[in-house]
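Heads up: the structure comes next, in structure tokens.
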Amino acid sequence: MKIVSAEVIITCPGRNFVTLKIRTEDGVHGLGDATLNGRELAVASYLRDHVCPMLIGRDASRIEDTWQLLYKGAYWRRGPVTMSAIGAVDMALWDILGKSTGMPLYKLLGGASRTGVMVYGHATGRDIPEALDEFARYAEAGYQAIRIQSGVPNMRSVYGVSKGGGTYEPATKGRVDEQYWSTEKYLDFAPKLFEAVRERFGFDHHLLHDAHHRLTPIEAARLGKAVEPYRLFWIEDPTPAENQAAFRLIRQHTVTPIAVGEIFNSIWDCKQLIEEQLIDYIRATLTHAGGITHLKRIADLASLYQVRTGCHGASDLSPVCMGAALHFDLAIPNFGVQEYMGYPEEALEVFPHAWTKDGGLMHPGEAPGHGVEIDEKLAARYPYDPAYLPVARLDDGTLWNW
Ligand code: KDG
Ligand code: MG
């Protein structure tokens with residue numbers, strides 16, 4: 001199972017994706033997702049210039065040893081670029097192991113712990129009526145878990161809602177979009193949104209919401225307390241999580257469950273939050289948090305503290321990551337929910353996949369490995385197109401957390 005080549009494929013079928021393809025001497029190949037939204041080429045270079053040459057000649061089945069080599073061997077540990085690169089290698093090696101043994105990845109991880117993977121979709125609207133209609137669309141499509149985001153009156157833009165309505169894409173082509181934020185307006189408005197959902201749809205659905213790092217700990221505590229009557233499944237990223245101890249304050253004030261971690265890349269980012277039971281769901285994901293090998297360690301630590309997973313699944317994680325995540329979700333004991341934002345049609349064509357979806361329940365399929373491939377000819381028709389994530393400013397121009 002010697003590795004004979006490792007190449008990076010960059011394509012933009014609707015949005016940019018970076019894919020690592022590793023081949024062995026037996027003609028088996030594996031794919032890993034290395035997409036870091038807005039910083040794609042940094043990971044591509046890290047892989048091409050530094051990691052790929054190290055892989056040639058190595059035994060593809062030595063997955064743990066390769067992980068340790070790339071982590072400890074770089075000397076410079078952690079960070080999103082390093083960990084996305086390691087994540088891509090790890091995913092590709094697990095894919096190779098699955099293909100060479102004829103087993104779907106979830107079986108290699110211990111087999112199915114459930115019959116399907118509950119995913120949540122994004123209901124967004126420019127105002128409450130539009131957001132509720134979107135919610136209705138997801139409910140009718142069979143989703144049990146639905147995230148809701150809405151425009152806030154008198155606020156020019158808000159996270160998660162596209163300006164012209166329709167599908168939301170976080171990155172903007174060619175420039176950094178400046179958005180505006182007012183915590184006061186948002187905090188007064190948010191409880192009304194959830195009240196409207198419960199009034200119209202009752203309590204049958206899991207209701208999720210993303211505060212996208214915008215609040216201070218005490219503001220997050222106020223929000224959590226104010227929305228308790230609407231029994232949210234979670235509030236996501238209420239405050240930036242570099243300071244993990246900050247979540248103690250939120251916890252002291254509210255029983256609204258909290259999800260954190262989509263920008264985490266290591267178990268060390270999660271450790272205090274998990275060990276002190278300051279969160280309920282950990283959102284670290286395969287691509288950005290070091291692949292299957294490392295996310296499994298994070299999930300195992302979380303399981304000791306009854307923290308469940310809720311992997312990030314925005315459209316800026318490629319279908320390769322989504323396919324692998326579905327195997328992971330199906331297998332681990334402490335799965336909570338999986339985000340599925342969906343993909344542009346072109347992206348689904350470039351990445352043929354074995355997964356299936358029935359309403360809000362997904363299954364990774366039985367293809368060996370993670371079951372996602374890349375059509376390289378088609379991928380070549382969509383060249384890289386630089387795009388940037390936005391920033392948020394307060395009304396006086398102060399740069400805020402986006
Ligand atoms: O690249 C940033 C997006 O992945 C992020 O804004 C999406 O917060 C997000 C989510 O919950 O999906
Ligand atoms: Mg989020």
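When a residue number appears, it is its place in the shown sequence, counting from 1. Fair warning: this is a prediction, and the values are worked out from it, not measured in the lab. Note that ligands are numbered from 1 as they come in the structure, with each ligand's atoms numbered from 1 the same way.
At a 4.0 Å heavy-atom cut-off, ligand 1 does not touch R39 at all. Heavy atoms of W402 found under 4.0 angstrom from ligand 1 belong exclusively to the side chain. Under 4.0 angstrom from ligand 1, there are no non-hydrogen atoms of M341. The residue L317 has no part lying near ligand 1, judged by heavy-atom distances below 4.0 Å.
Any protein N/O/S atom under 2.8 Å from the Mg ion (ligand 2) was counted, giving 3 altogether.
Within the 3.5 Å criterion, the main-chain N or O of M118 finds no donor-acceptor partner in the side chain of Q144. Checked by atom type and distance alone, the side chain of D269 pairs as donor or acceptor with a backbone atom of N265 at under 3.5 Å. Remark: the backbone N or O of L208 is not paired with any side-chain donor or acceptor of R147 at under 3.5 angstrom. For Q149 (side chain) and G125 (main-chain N/O), no donor-acceptor pair under 3.5 Å exists by modelled atom type.
Using a 3.5 Å distance cut-off with no hydrogens or angles, the side chains of R308 and Y281 do pair a donor with an acceptor.
The protein non-hydrogen atom at the shortest distance from atom 6 (O) of ligand 1 is H212 NE2, 2.9 Å. Protein heavy atom nearest atom 12 (O) of ligand 1, with residue, atom name and distance: E339 OE2, 2.5 Å. Here the protein heavy atom with the shortest distance to atom 5 (C) of ligand 1 is E262 OE2, 3.5 Å. Of all protein heavy atoms, the one closest to atom 9 (C) of ligand 1 is Y159 OH, 2.9 Å. With respect to atom 3 (C) of ligand 1, the closest heavy atom belonging to the protein is D316 OD2, 3.1 Å.
Atoms of ligand 1 lying under 4.0 Å from any heavy atom of D210, numbered from 1 in the order shown and given with element: 8 (O), 9 (C), 10 (C), 11 (O). Here is the list of ligand 1 atoms found below 4.0 Å of a heavy atom in A314: 4 (O), 7 (C), 12 (O). Heavy-atom proximity to N37, at under 4.0 Å, picks out these atoms of ligand 1: 1 (O).
Ion pair R175/D177 flagged as a salt bridge, since at least one NZ, NE, NH1 or NH2 atom sits closer than 4.0 Å to an Asp/Glu carboxylate oxygen. With respect to R283 and D210, no salt bridge is recorded, no charged nitrogen being found less than 4.0 Å from a carboxylate O. For K21 and E7, the salt-bridge test fails: no basic side-chain N is under 4.0 Å from an acidic carboxylate O. A salt bridge between D237 and R214 is absent, with no side-chain N of the basic residue lying under 4.0 Å from a carboxylate O of the acidic one.
Considering backbone and side-chain N/O of E236, one or more are found under 3.5 Å from N/O of ligand 1.
At a threshold of 4.5 Å between non-hydrogen side-chain atoms, the residues V119 and E339 do not count as touching. Side-chain contact between K296 and F328 is present, with heavy atoms from C-beta onward closer than 4.5 Å.
A distance below 6.0 Å separates the ring centres of W67 and H294.
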